[in-house]
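Remember, it's a predicted structure, so these values are computed and weren't measured experimentally.
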Amino acid sequence: RRRRRRRRSMGHHRMVAVVAAALASTTAWALTTSVPGRTSSALGAIAVERTTMAPVAAPKATTKTALLPLAEMVEEDEEMKRSKRLAAAERPLDVYVVGLSHHNAAVETREKLAIPEAEWEEAAAAIVASSDGAVEEAAVLSTCNRFEVYFAARDGRAGFAAASKYLQERSSLPMSTLRGSLFMLGHEHATTHALRVAAGLDSLVVGEGQILSQMKQCYAHAVEGGSGGKVTTRLLNTAVAFGKRARDETDIAKGAVSISSAAYELANDKAPGDLGKSLGEARVVVVGAGKMTRLLLIHMASHGLKKCVLLNRSEGRARDLADEFKASHDLDIEVVATGGDTAAVLPYVADADVVVTSTSSESYVIDADSLQGRADPLMLVDISVPRNVEPACDDLPNVHAYDVDSLKAVVARNTAKRRREIVAAEHLLDDDAATFRGWIATLGAVPAITQLQKKAEDLRLAEMKKANAKLQHLSQREIEAVERLSRGIVSKLLHGPMASLRDAKGSQATRTPLGHVRRMFGL
């Protein structure tokens with residue numbers, strides 16, 4: 001009995017000694033990797049941005065094919081999947097944007113890419129599906145002044161190529177022509193751009209409110225359609241929140257802050273020269289009964305317009321607008337339902353002095369042939385994309401045609417008035433953009449954490465293998481206890497470093513090697 005007790009006691013002592021040796025080895029490695037700035041540090045090596053995995057050597061050819069046992073086949077399959085996951089996580093997702101806007105593309109190019117809101121989700125899904133994995137998440141924003149694709153990818157170059165190919169196929173423009181109008185932004189530049197767009201800082205009319213509503217819809221479609229994913233939807237949500245903050249904390253939204261209000265100012269400025277009368281004296285016809293028409297009517301009615309004709313495909317929405325403005329502004333609106341027939345529009349155009357078009361039609365509502373021989377002056381203001389008025393109308397005698405690109409003089413005047421507010425909004429933007437980039441930085445910790453865990457596990461297994469001969473006398477239950485104990489120690493030891501990697505902020509006190517170690521291990 002004494003000999004059995006002595007052997008059992010010796011076995012426990014050996015087990016404790018083996019675990020202690022393994023712990024000492026792992027602790028020494030962890031301390032080495034935890035100090036920043038060492039080129040030999042495993043953690044430093046795996047945390048370097050865009051680190052590439054070493055190529056896997058091709059297996060040597062054999063003359064005979066050995067049949068692996070099922071367990072080994074499953075193990076190899078799991079190892080292959082794990083290698084693929086590691087390769088995929090080597091480069092974390094980041095945000096990018098590709099598109100065109102009023103800054104760098106004429107309206108005739110923008111209209112070729114315009115997509116109705118009902119098709120945004122379908123377009124985003126098509127971009128992801130056609131990218132062969134280069135684009136993992138995508139969201140589409142299409143307005144009268146811009147077409148943009150926000151996407152998340154691990155390789156920006158491949159993502160841009162895939163998204164550009166989709167845009168080229170959709171627009172049917174030669175790639176050489178399209179590239180001259182496209183802009184491509186990545187990382188912090190894409191982040192800043194999204195926030196500027198939502199705040200109205202990148203709009204044709206700086207501070208206009210409609211773009212914030214459109215960004216909200218872009219975010220909603222990204223979530224509901226499923227193509228947005230974690231990174232892209234986080235970017236869009238951050239942009240929408242900043243758009244609200246910029247309007248709340250600055251006066252960026254004061255003044256002429258919509259395409260509709262700028263269209264009114266343009267018509268009011270041009271009417272005396274083009275028509276020989278003021279806008280208040282003109283016979284006004286408005287085609288379309290959407291949001292932009294409602295904003296236009298608000299500005300016209302508040303500046304003295306007493307009556308107009310409103311043409312729309314169906315009567316319901318147009319009738320609602322007529323009732324609303326009769327009650328609020330005493331504006332008499334004659335409602336005409338066209339049923340989508342452009343021929344029904346022409347008699348009202350013939351009797352008008354000013355026609356403003358704002359519909360979702362993808363073809364011309366007013367063409368040059370219908371205005372041939374016009375004797376009285378006519379002003380056409382087209383704020384639709386795709387355009388509702390054929391550009392050739394402007395070449396006809398007595399016809400003056402304007403589109404959204406014609407609003408730039410009005411825009412410049414209003415932008416100058418709000419220059420101070422633009423600067424204030426830009427300062428606010430820096431804070432929100434930095435917060436989002438900090439979150440993006442935490443995604444880069446994922447591959448580092450994965451490799452840190454793998455390195456620790458490899459060390460644990462190596463130490464266990466060294467001690468294999470000393471563990472032979474232990475029972476299966478005791479060996480399993482040693483395994484659990486060693487795993488638990490490694491897991492607890494790595495918890496601090498992994499939590500530190502996930503925290504992108506860090507305090508000033510942890511920027512020295514000693515402070516770094518104290519923070520990682522909670523000392």
Taking only residues two or more places apart in sequence, or in another chain, which ones meet Ala134 in a side chain to side chain contact (heavy atoms under 4.5 Å, CB included)? Ser131, Ala158, Ala162

Atom CG of Asp431: over 12 foreign heavy atoms under 6.0 Å: yes

Measure up the Phe151 and Tyr96 rings against each other and bin them: parallel (under 30°), tilted (30 to 60°), perpendicular (over 60°). parallel

Do the side-chain N and O atoms of Asn388 and Ser361 include a donor-acceptor pair separated by under 3.5 angstrom? no

Less than 6.0 angstrom separating the ring centers of Phe183 and His193, yes or no? yes

Looking only at heavy atoms, the pair that brings Val404 and Ile259 closest together is CG1-CG2, 4.5 Å

Pairing donors with acceptors under 3.5 angstrom, does anything connect the side chains of His299 and Glu265? no

Looking at side-chain heavy atoms only, is the closest gap between His189 and Met184 below 4.5 Å? no

For the residue pair Arg146 and Ile211, establish whether any side-chain heavy-atom pair is separated by less than 4.5 Å. yes

So, using side chain to side chain contact (heavy atoms under 4.5 Å, CB included) as the criterion, who are the partners of Gln168 when residues are at least two apart? Met175, Leu178

Using a strict cut-off of less than 4.0 Å between a Lys/Arg side-chain nitrogen and an Asp/Glu carboxylate oxygen, indicate whether Arg196 and Glu426 qualify as a salt bridge. yes

List the steps, then state whether side chain to side chain contact (heavy atoms under 4.5 Å, CB included) holds for Met379 with Lys270. CA-CA 9 Å; Met379 180 192 296; Lys270 298 289 186 180; 3.7 Å; yes

Here the pair of heavy atoms bringing Asp274 nearest to Pro377 is O-CB, 3.4 Å

Is the closest side-chain heavy-atom distance between Asp353 and Asp376 below 4.5 Å? no

Checking Lys165 now: which residues fulfil side chain to side chain contact (heavy atoms under 4.5 Å, CB included) with it, not counting sequence neighbours? Glu169

